[in-house]
Amino acid sequence: MATPTVPVRLAAGALALGLAGALFAGPVAAGRPAPSATLPGAEVTVVRVEAGTDDDRRRLLGLGLDVVDADENGAELFLYDDAEAAALRAAGFDPVVVDHDRSPAALALEATRAAEERAEATAATSELPTGRVSYRTLDEIEADLAALEAAYPDLVRRFALPHPTLLGRTVYGVEISRDVHAPSGEPVFLTTGVHHAREWPTAEVTLEFAWDVLQNDGADERVTRLLDNTTMIVVPVVNPDGYELSRSLVNEQKRKNCRVTHGAVPTYEQCADPVNANLGVDLNRNYAPFWGGPGSSGNQTASNHYGEAPYSEPEIRNIAELTAAHQVTVAVHNHSPDGRLLRAPSSPLEPVPADVEAYDALAQELGAALDWPAGPWPDIYYEASGVAEQNAFYTAGIFGFTTEMTPGHDGLARFHPPYEYVVDQYFGTGSYPGSSMREALLIAWDAAADPALHSVLTGRAQPGVELTIAKDVVVDSSPVTLPGAGTVVLPTDVSLASTLTVPASGRFEWHVQPSPRPSQYESARLPESWTVSCRNRSGRVVHSQQVTVERGQSADLDLRRCPAVPPRGR
């Protein structure tokens, strides 16, 4: 891919800071919402249009409508009002109705609940670890996370991510490890669900995988070995506000979060109002690296709207901070429904990645387990900017991937088909023979443990000492045009820092991300180093050491000068 010419790059702390804010800063969220029964549900009409040329497809995407599928002949869209249909026709497209959400939300919700009650009445169970036969509500997901910790207190730590959502909800995840109550230096595997609200299968698969792993500890050699040597972090619902509106059928096809006006915290009623059905920020376009570029839109009604600034949304600050605070080596962010396995680059502005051979080899292995095409977004899918894979790779050299699961459906069932398809996708059976999400997640988790794909620090220090590894990096947006500033690149400062407690032996092994970080502008690594340090009882750094370690390499450190005292705050 061609390397772009870099336009004016605004200095950090000047205009960029005014627009993007200090990293991870954001507005205070409102209290937890009380859903209103008086608001009508958003209605959706599914249409198809002919778009047989690249120019047609670019014009169509430029309208900022909710394009849910495109092929060489045309595209399928979700329309939310007559004005959107009129915009299609004005642009020269003739929409043909495929499906329509004809029933009010209350009737749809009643039908869903009736189906669930029938399944429970017949004691129906599936082959999933929990036996689920229907999509969980948000309350059920949160209850499951609490139940995991209660059932396996020595292996599971439930945690709250630092930033409440726009509607005041807490975002929860679980950490699973043999050493879950102390930072042990193990490689970290991260998997998430529901960046996009209507993609319900992603919460199911991530939760079932967590239950699966814990139920098979000691019975499955592969699972047991990985639990012995790694940490896994699971965040089933990145976007709980959107999921609640979608799952409760108030706005079943909601994709984005609840942002109605830039810089303002909305109420539940504002987010649920059908007038605002297609407002919000696409959370998987809000990450800082390459923010604002091809495959994302500044139009607030566009399905791929990138938001006010890099990391402007609290839900994305959560995932960015989580990644920055752990030595994640492989990450899988789950989506539906297009049957592809995606890696960086996702934008035509990116170079061929540094370490592309190892990165693509893992992508192909995952694609084979899923029986899907695998590779860069633009090669097998479409262009996108500000996505999770870019954030993982360009901030920390993490091999990040997107899965597009439960393919083969259209109309209103596209993003969350009948539940039996989730079961089939998890095991690679039934409708998806040989396409196993369980196997793909196991492969990715195994890769997270492979020292050939990350770096390792070994060394000696006093038992019980807490060591910190850190570096500050800067990532760039795509070139964006701003009023009064012309075309500029917005830099964002990111602080990477994680800790390790030295074991009783005084010897430590710390699996870390490579210190040289991939460049956003050329197929090369930036010559960066980690700083490893320790503090005295008052919290002052008393010893620090620079270390440069490449992917697949190790370095040995002598940190016996670090005093054997408890870290600050203990």
Side-chain angles (χ1 to χ4, degrees), residues 68-70 189-206 209 233-239 255-256 282-287 289-291 293-296 303-304 306 315-316 319-320 322-323 328-348 350 353 356 359-396 398-407 414-416 425 435-437 439-441 443-445 447-448:
V68 297
D69 187 47
F189 171 55
L190 170 66
T191 187
T192 71
V194 191
H195 272 72
H196 294 145
R198 60 197 177 191
E199 297 172 10
W200 306 352
T202 65
E204 299 298 319
V205 165
T206 52
F209 189 65
I233 297 176
V234 179
V235 182
V237 182
V238 173
N239 180 9
R255 170 181 168 94
K256 299 182 284 183
D282 179 349
L283 296 181
N284 205 34
R285 301 296 185 274
N286 190 238
Y287 290 99
F290 292 101
W291 176 87
S296 65
S303 65
N304 58 354
Y306 49 61
E315 299 90 347
I316 288 314
I319 301 303
L322 179 68
T323 304
V328 176
T329 55
V330 173
V332 175
H333 301 283
N334 297 294
H335 290 255
S336 66
D338 292 320
R340 293 170 174 86
L341 189 285
L342 307 171
R343 65 160 174 88
S346 63
S347 161
E350 295 172 69
V356 67
Y359 192 6
D360 190 64
L362 180 53
Q364 298 309 317
E365 188 176 0
L366 294 170
L370 292 161
D371 195 28
W372 297 343
W377 285 63
D379 290 357
I380 63 170
Y381 204 33
Y382 50 62
E383 298 171 357
S385 297
V387 303
E389 287 74 44
Q390 291 171 320
N391 188 72
F393 193 63
Y394 295 106
T395 61
I398 300 164
F399 287 166
F401 303 94
T402 280
T403 64
E404 288 280 348
M405 65 179 73
T406 59
R414 173 180 297 278
F415 295 97
H416 42 265
Q425 182 73 89
S435 178
S436 169
M437 274 299 304
E439 179 62 20
L441 289 171
I443 290 170
W445 187 17

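The analysis underlying the following values was restricted to heavy atoms, covering all of them including side chains, and did not include hydrogens, waters or symmetry mates.
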### Message
I'd like to know if the side chain of Thr406 reaches the main chain of Pro337, judged simply by a donor and an acceptor atom lying under 3.5 Å from each other, with no hydrogens or angles considered.
### Response
no
### Message
Please check: side-chain N/O of Thr202 versus main-chain N/O of Gly193, any donor-acceptor pairing under 3.5 Å?
### Response
no
### Set of side chain to side chain contact (heavy atoms under 4.5 Å, CB included) partners for Asp338, sequence neighbours left out
Asp69, Arg340, Tyr381, Glu404, Arg414
Drop me the distance from [X]'s [atom1] to [Y]'s [atom2], to the nearest 0.5 angstrom.
X      : Y      : atom1 : atom2 : value
Ile233 : Thr323 : CD1   : OG1   : 8.5 Å
Leu322 : Ile316 : CG    : CD1   : 11.5 Å
Glu389 : Ile398 : CD    : CD1   : 11.0 Å
His196 : Asn239 : NE2   : CG    : 8.5 Å
Glu350 : Tyr394 : CD    : OH    : 3.5 Å
Gln390 : Trp291 : CD    : CH2   : 13.0 Å

Given side chains that start at C-beta, do those of [X] and [Y] come closer than 4.5 Å, heavy atoms only?
X      : Y      : result
Asn391 : Ile319 : no
Leu370 : Met437 : yes
Phe189 : Val332 : yes
Ser336 : Gln425 : no
Val387 : Asn284 : yes
Trp372 : Ile380 : no
Gln364 : Asp360 : yes
Thr403 : Leu341 : yes

### Task
Assign the ring pair Phe401 / Tyr359 to parallel, tilted or perpendicular, where the plane angle (0 to 90°) is split at 30° and 60°.
perpendicular
If every non-hydrogen atom of [X] is compared with every non-hydrogen atom of [Y], which pair is closest and at what distance?
X      : Y      : value
Ser346 : Pro378 : O-CG, 3.5 Å
Arg255 : Ser303 : NE-O, 2.8 Å
Leu366 : Ala444 : CD2-N, 3.8 Å
Thr402 : His335 : CG2-CD2, 3.8 Å
Ser385 : Arg285 : O-CD, 3.2 Å

### Query
Below 6.0 angstrom between ring centroids: does that apply to Phe290 and Tyr306?
no
### Message
Going by the rule side-chain hydrogen bond (donor to acceptor under 3.5 Å, both in side chains), which residues pair with Thr191 if we only count those two or more places apart in sequence or in a different chain?
### Response
Asn334
### Message
Could you work out, with side-chain hydrogen bond (donor to acceptor under 3.5 Å, both in side chains) as the rule, every residue matching His333, not counting sequence neighbours?
### Response
Thr192
### Query
Does a donor on one side chain sit under 3.5 Å from an acceptor on the other, for His195 and Asp282?
no
